[in-house]
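Reading through the structure tokens given below for one structure.
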Amino acid sequence: MKQLFASADTFLRESDWRDLALVKFCLFSIGLLAGLQVTERCKQSVRIAALSVFLITYIPLMTKFLRILIGKRQKA
């Protein structure tokens, strides 16, 4: 497992924003495909779970990004 995480770290160090955008599009696409397979009876639960995961991941990412953005503006 450590080797997998080390490989992921290496990938991120060697990637730029375009590579990460491609990863996000790929994950979005697989999410859409999985969403198409959800039955009508389960859709509300899946929506709540997806929204929860989105918020739990998006807020820390944007917090970090904004700190970096503000830090660069203060240095300039």
Side-chain angles (χ1 to χ4, degrees):
M1 196 58 128
K2 287 183 180 182
Q3 185 177 1
L4 180 64
F5 288 137
S7 298
D9 288 339
T10 303
F11 174 79
L12 287 174
R13 278 192 295 276
E14 295 177 7
S15 298
D16 62 0
W17 67 270
R18 291 174 198 94
D19 297 322
L20 297 178
L22 289 174
V23 170
K24 289 188 178 267
F25 279 116
C26 178
L27 292 174
F28 176 72
S29 297
I30 196 69
L32 283 177
L33 290 172
L36 291 172
Q37 302 302 316
V38 176
T39 63
E40 286 296 324
R41 187 175 63 105
C42 298
K43 283 194 179 187
Q44 186 64 27
S45 299
V46 171
R47 284 184 185 125
I48 291 170
L51 178 62
S52 299
V53 170
F54 173 76
L55 291 175
I56 288 169
T57 57
Y58 185 75
I59 291 171
L61 287 171
M62 286 300 104
T63 301
K64 181 178 180 179
F65 177 71
L66 290 174
R67 272 189 280 141
I68 291 170
L69 187 63
I70 290 169
K72 286 186 178 183
R73 284 189 181 171
Q74 290 176 352
K75 290 179 184 178

State the [atom1]-[atom2] distance between [X] and [Y], to the nearest 0.5 angstrom.
X   : Y   : atom1 : atom2 : value
I59 : I56 : CD1   : CD1   : 8.5 Å
R13 : S15 : CZ    : OG    : 10.5 Å
L22 : L27 : CG    : CG    : 11.0 Å
T57 : M62 : OG1   : CE    : 9.5 Å
Q3  : T10 : CD    : OG1   : 10.0 Å

What about Y58 and L51, same hydrophobic cluster or not, with Ile/Leu/Val/Met/Phe/Trp/Tyr joined at side-chain heavy-atom distances under 4.5 Å? yes
Would you say L61 and K64 make side-chain contact, with heavy atoms under 4.5 Å? no
Looking only at atom types and distance, does a side-chain atom of D16 sit under 3.5 Å from a main-chain N or O of D19, one as donor and one as acceptor?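 Such a contact is found between D16 side chain and D19 backbone.
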Passes side-chain contact (heavy atoms from CB on, under 4.5 Å), L20 versus K24? Steps please. CA-CA 6 Å; L20 297 178; K24 289 188 178 267; 5.6 Å; no
